[in-house]
Amino acid sequence: MDSKHLAGLDNCIVCPVCNSRHLFRNDKVKAGVFAANCESCGHFIKFRLKSDINSKITVTINGQQYTVGNEYPPSTKLNTYLRKERISVGTKVMCHEGGCGICLVEAKLYEPMSDTKKSYPINSCLCPLFMCDGWEITTIEGISDIVPKRLAKYNGSQCGFCSPGQVMNMHALLEQNEGNVSMKQVEDAYDDVICRCTGYRPILDAMKSFAQDSQDLKKTTTVDIEELGKTYCHKTGKRCHSDCHPRKGQQLQIVGSDAVWYRPDTFDQLFKILADNSGKKTRMVFGNTGQGIYNQELDMAGFDVLVDIRGIQGLYSVNFDPTVVLGAGLSITQLIDIFTRTQSTPSFGYLANIKEMLMRVAGRSVRSMASWAGNLMLKHLHPEFQSDVYVSLEAANVKLIIANSAGSNTIPISQFLKTDMTNKVIVAMEVPAMTDDYIVRLYKVAQRAENSHSFVNAGVRMKVDTNNKFLVMEKPCIVFSGISKDFIHAVQTETYLAGKSLVDPSVLQGALTTLASEVNPDPNIDAVEPSVAYRKNVAIGYLYSYILDVVGDTAKGIYRSGSIPLIRPLSSGQQSYDTKPLEWPLTEPMIKLEAMDQACFLHFLFFKRIRTTGRADYINDIPIEQGTLYAAFVISTVGNAKLQSMDPSKALSMPGVLKFITAKDIPGQNNCFSSVASEIPSVPEEVLCGGDVMYAGQALAIIVAVDEETANRAAKQVQVTYSDKKPPILSLDDGINKGSFLPDIYPLTKGNAQTAITNSTKQITGSIQFGEQKHFPMETQISYCKPTPEGMDVETSTQWIDNSQRAVALVLGVPQSRINVKVKRIGGAFGFKITRNYIVSAGCAVAAHIMNRPVKLNLEFHTQMKMLGGRLAYRADYTVGCTDQGKLNGIKMTLYADVGYNGNDSTLYSVYGFIDNAYYCENWKINPKTVKTNKPCNTYCRAPGSTPGIFIMESIMEHIAKELQLDPTDVRVLNLYQKGQTTPHNRPLPYCNIRQLTTDLMTSAGVKQRQTSVQAFNQANRWKKKGLSVVPMKFEISYIYIHYNAIVNIYAWDGSISIAHGGVEMGQGINTKVAQVCAFELGVPIDIISVKSTQTTSNANDFVTGGSIGSELCCLAVLNCCTALRSRMAPVKAKMQNPSWKDLTQKCLLDKVDLSARYVTFEPGTLLEEPQYNSYGVTCTEVELDVLTGQYLINRVDMLFDCGESMNPMVDIGQVEGAFTMGLGYCLSENLKFDPQSGELLTNSTWEYKPPMGKDIPIDFRIQLLKNAPNPKGVLRSKAVGEPPLCMSCSALFALKRCIEAARQDIQKDKYFPLNGPTSVDKLCELCLADPSQFVI
């Protein structure tokens, strides 16, 4: 027989009954099963086909294999699987876009240089589940306790929600480098996990202690990399050696209900898949990091076909002979590694600059998953995308190898964006060698120092004869991104510069003029990007910087700083405080009780091995009952309109969607807000819109579904129709101009301000503004409600259990006593979870009531950003009268606050207690105005009234100093309060020490000497400026309205103790402090004390945990409980001979002594009464500013803070640093922008909203807690610490103002200007008034 006939026989089926042969027919195969009747005898033949194509994945997680098929849809992310299957609830999630980093896990990925797998941190919220086939994943549950213990030891965990991400980031770094890392490597690696609590310094210190060049390495146990990297097999409990994962090499095809997932192994297979699915919505997936930017467009759930190309081995080529060819499958991290190794090779030195640029792309976890080619494809899809990778590779003049089913071809990268990439794939790039006369430089400016997309970036490559007047020998390459989607090359400028000398002044001006003519930024490229003028000037400034760099010492010395980038050295910190060992554990600098539980989630098999670890469950981690449903809010997309109708039919048609709930379905009141106290009026707040749409993001309805992803997706499918749409009011100025005011509150009057101003030798008038800020807790608002026969059990992320209970009772129409609210801990709050939790708890309860099943409502991050408000914005219009020396005589002010659509959470009244800050003035008149806008109800945010009040007063001092040409520090010192003087409320200051603190700080920080150095630096440098500012602070602490209760139980059998108090642990260390107080007062070890969850059954009628006073007043309640218990036990103890604590407790029970005590701290009062005490502090901040871009470094911060006698200096230092860093974000990087037509918040993602990260904090961070300073009016001589330090962060803003003034002095434009906050890099640059006409060499 011939070979063709043999092949045909091989494809035959033999009937087992009559032995007849039949040709195999594909049309008889369904779902991998052949079924047909024998054509000869009729026997039914059925069998499953063996295939080279897999239909399931197998992934190894913490040493255990898991097999997954199409029970999960192809769009499922790894994080969803880990949490839903409860494999890793320690792996958190928030943003679902790779921007916050708390979802980090460790994955072993192929590394082509070593041809092995290496450990990398990845974002589990972006990583597709089916991509993990054959992978080894390690989560926080699968590692040893070495890194978690180090984080806890250094107090690097406060609320703890980000701690698993911080730990996994370091664990992956150590594993990847076999334990050998430097401190610089550590700091560079910490660019992807946001921490809102700590201020990063303790986290960085903890992780740098593992570095080989760390002084702390000698003080700690040497890291055993074998021990560090241990993961354990869940089958055996023994060390996992990672040899049980499935073989690679099989194709993968998983057919889901709505999409198909393919994983080809060759290019031929890839192109066949693309051809077979022509006409379908298809997406090739490598890292899926682009979804973090273009979430809706690239959401995998929106595609019919998903093709995983990571398995194509041909994408991983690394070839250096004779041409450098690098495969498209190399991640950006791997590309950085290759460039680092290659930059020392002759002709490839320019790669050092490319590498530095690539290290600023996103964060390390994104760089680990994203390929350079995928980044280029994102640029191809969105030409406006500010791709640092594209600009870098354009500057490097690489060539791209592109393939399709017909073959491959090589093109210059400059042609790439014009190339049709339909059914094509980038295979590799060719990296050229360059002679030393090629000079390549890259430039970038962004909103934040790291993990932030470019506003404008650029790459410049020129061949320059440095020995011949810096002649440009050929047409250069000058490329930009961030100008417009069509503008890449500055073609005219490139042509102009060819053959010209860069040291010729006329050439410089000609080049800059030419560039100015062709750089025309698109004002509509992105509504949140900086102004056209800024982007244009920065782009021109890049070319100027490049030329300064190239000509070097030929340029005049004063201008050379324009070519020198800001280089951030390693950060460090110093902490100084008092402690009293004789009183320990009181005043002991000890780590938080929960620190290890927050940082370490060891699997239960190992609890016996490491007794001190466990797991800190947050609400989203708690095991849920079977049958639990999930809810999501439907929110409005416009503000200032009427709700005409809603059509949920599309949402209800989705599989798994069960219910659509509107306002008419609420069984009780459609109101979740009730008045706090009679003196503070409030208005009802709807849970679901009843008709008037007040702002974009308002809750309109609730979707209930079988899982969270379906609920969130369905909520977006509800079709909403609006009527009577009007332009929204979105700013203070707009609201003021349109007369949009709520009723006034009482004015503040002292003396006669107008007369004092009129009689003053100087009258100064001005206006200052400070914008909003999002709280950005790492745990979003969440509630879990379970109907019970008695009513409803609620676990919710609230700072105020009593009012969350009240909100649920209102909407259900039941008594409060039927609602049980419980909270163990929350993952950050900052005031956000006081009243803004009500709507979440109430909405969840309504859904649970209607469905009569448990319901969880975990507010989706972007929905939360749009739906719930933040810190109030303020504007102050003032007139000041003073002497020629700057002494205050009178202040008159109109104070405006933007409260959003209602004033329930207005903090306008509380500004009064802080508007004077630390300065005495006899005469005041403040008229408050509450401005109503079409935005969410703004609310309390850490230091809500004090931050704007102190900033406004400090701005007035700045204005006075400028008008009188005086040193602002001298004006401040002149006006500082003295002991015994009175505030604008006529409140005396009997313990005021601000003058001494200021003197001490200025001496210890060497302020005068440093001012001289700063002045000398500024005179020597035109394009870099330094500034220094000193800001004092008085912070009023009041106990008005406050009440907390505590219950202390002593268990007689073993003497252990439980505490239930009315406060909420949210990272501030309240549980640790109450345990310290209890141990101190009863004289027992702290490890026998357990602090229980806060519940409305045990802690009814408690006040909000906030205002910096929750910890001290709960401590006071516990102190009184313990005092009562000691008194009861004393007679029994007196009859015994030196009894042990256990013997004493048992004897007390026998003698019928009540071993439970309850106490309520209740401090009545009105808003006008005298505060309890004042905290004082002073801060000196030094900065350096790049005038050409607005980028800056905070070089040093010195803070002296009076927190009385600290109950726990380690906890309090953490609060100081965290508060100050949060304030830096408020002052400098956290901008909110709204769509002017719809009113929708545009900065609603981690792509656009930028809290500080590790390289935004002070390089040298020095904190002193005032020593020997007991507070006679405080609890155990302590003072509040959670909020006051935030108010002094404005010192950084005023230090930057010194820089701007220095830049303006150089051009004789040094006049007063208001520095409104927040002031981001673009505003800083624009205020310097630099323009290309000043660019000379």
Side-chain angles (χ1 to χ4, degrees), residues 53-93 98 103-111 116-143 164 168 171-172 175-176 229-236 239-256 259-265 285-289 300 306-313 329 331 365 368-369 601 603 709:
I53 300 177
N54 231 338
S55 61
K56 293 180 181 292
I57 71 160
T58 302
V59 57
T60 303
I61 305 172
N62 300 330
Q64 180 173 346
Q65 281 191 8
Y66 297 88
T67 301
V68 190
N70 63 2
E71 64 269 24
Y72 279 89
S75 59
T76 304
K77 308 300 193 305
L78 174 61
N79 185 274
T80 300
Y81 176 72
L82 292 173
R83 294 189 58 83
K84 189 172 285 188
E85 297 293 328
R86 297 195 63 80
I87 298 168
S88 174
V89 295
T91 302
K92 308 305 184 203
V93 67
C103 66
L104 289 197
V105 298
E106 181 181 321
K108 289 191 181 296
L109 305 176
Y110 178 64
E111 200 284 303
T116 60
K117 288 185 177 181
K118 285 193 172 183
S119 295
Y120 295 91
I122 66 169
N123 295 102
S124 64
C125 75
L126 289 177
C127 179
L129 172 61
F130 291 156
M131 186 175 282
C132 300
D133 187 30
W135 286 17
E136 300 162 40
I137 303 290
T138 304
T139 73
I140 189 73
E141 289 86 352
I143 66 170
M168 292 311 300
H171 192 273
E175 284 242 312
Q176 186 182 67
K230 280 188 180 178
T231 55
Y232 297 88
C233 178
H234 285 225
K235 293 179 180 178
T236 66
R239 174 72 199 277
C240 174
H241 296 285
S242 303
D243 54 3
C244 53
H245 62 280
R247 299 175 189 170
K248 298 275 296 186
Q250 276 191 309
Q251 291 186 67
L252 183 66
Q253 179 180 337
I254 301 177
V255 181
V260 182
W261 179 278
Y262 293 96
R263 188 193 64 212
D265 288 329
V285 185
F286 186 87
N288 195 43
T289 53
M300 295 195 302
L306 296 163
V307 187
D308 174 8
I309 61 174
R310 289 189 84 94
I312 301 175
Q313 198 64 25
S331 69
S365 52
S368 295
M369 279 290 284
F601 287 74
H603 189 267
E709 294 76 19

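All figures in this text were calculated on a predicted structure; none of them were measured in a lab. Count residues from 1 along the sequence.
Separation of atoms CG (L109) and NZ (K118) is listed at 12.0 Å; rounding is to 0.5 Å. To the nearest 0.5 Å, the span separating CG on L129 from OG1 on T80 amounts to 8.5 Å. To the nearest 0.5 Å, atoms OG1 (T138) and NZ (K108) are separated by 6.5 Å. To the nearest 0.5 Å, the span separating CD1 on I254 from CZ on F130 amounts to 4.0 Å. Within the model, atoms SG of C132 and CG of L78 stand 4.5 Å from one another, a figure rounded to the nearest 0.5 Å.
Looking at residues two or more places apart in sequence or on another chain, you find a salt bridge (Lys or Arg N to Asp or Glu O under 4.0 Å) between K84 and E709. Every side-chain contact (heavy atoms from CB on, under 4.5 Å) that P128 has, sequence neighbours left out, goes to M131, W261, V285, N288, M300. A search for side-chain contact (heavy atoms from CB on, under 4.5 Å) contacts involving A172 returns E106, P121, R364, not counting sequence neighbours. In this structure, Y262 has no side-chain hydrogen bond (donor to acceptor under 3.5 Å, both in side chains) partners at least two apart in sequence or on a different chain. Judged as a side-chain hydrogen bond (donor to acceptor under 3.5 Å, both in side chains), and not counting sequence neighbours, the contacts of S365 are N123, D192. Residues satisfying the side-chain contact (heavy atoms from CB on, under 4.5 Å) test with T139, not counting sequence neighbours, are I61, N62, L82, S88, T91, V105, I137, E141.
Side-chain contact check for K56 versus T58: every heavy-atom pair is 4.5 Å or farther apart. Annotation: side chain of Y66 is in contact with side chain of I87 (closest heavy-atom distance under 4.5 Å). Under the 4.5 Å side-chain criterion, counting only non-hydrogen atoms from C-beta, V93 is not in contact with S124.
A donor-acceptor contact shorter than 3.5 Å is absent between the side chain of R263 and the backbone of Q251. Looking only at distances, a side-chain donor or acceptor of N70 sits under 3.5 Å from a matching main-chain atom of V255. Of the possible polar contacts, one joining the Q176 side chain to the S119 backbone as a donor-acceptor pair under 3.5 Å is found. The backbone N or O of Q313 lies less than 3.5 Å from no partner atom in the side chain of D265, so there is not a single donor-acceptor pair.
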Passes side chain to side chain contact (heavy atoms under 4.5 Å, CB included), D133 versus D308? Steps please. CA-CA 11 Å; D133 187 30; D308 174 8; over 6 Å; no
Would you check, one step at a time, whether the test side chain to side chain contact (heavy atoms under 4.5 Å, CB included) holds for Y120 with E111? CA-CA 10 Å; Y120 295 91; E111 200 284 303; 3.2 Å; yes
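Closest approach of N79 to K92, counting heavy atoms only: ND2-O, 3.1 Å. The shortest non-hydrogen separation linking A259 to P74 is O-CG, 3.5 Å. Considering every non-hydrogen atom in both S331 and S368, the closest pair reads CB-O, 3.4 Å.
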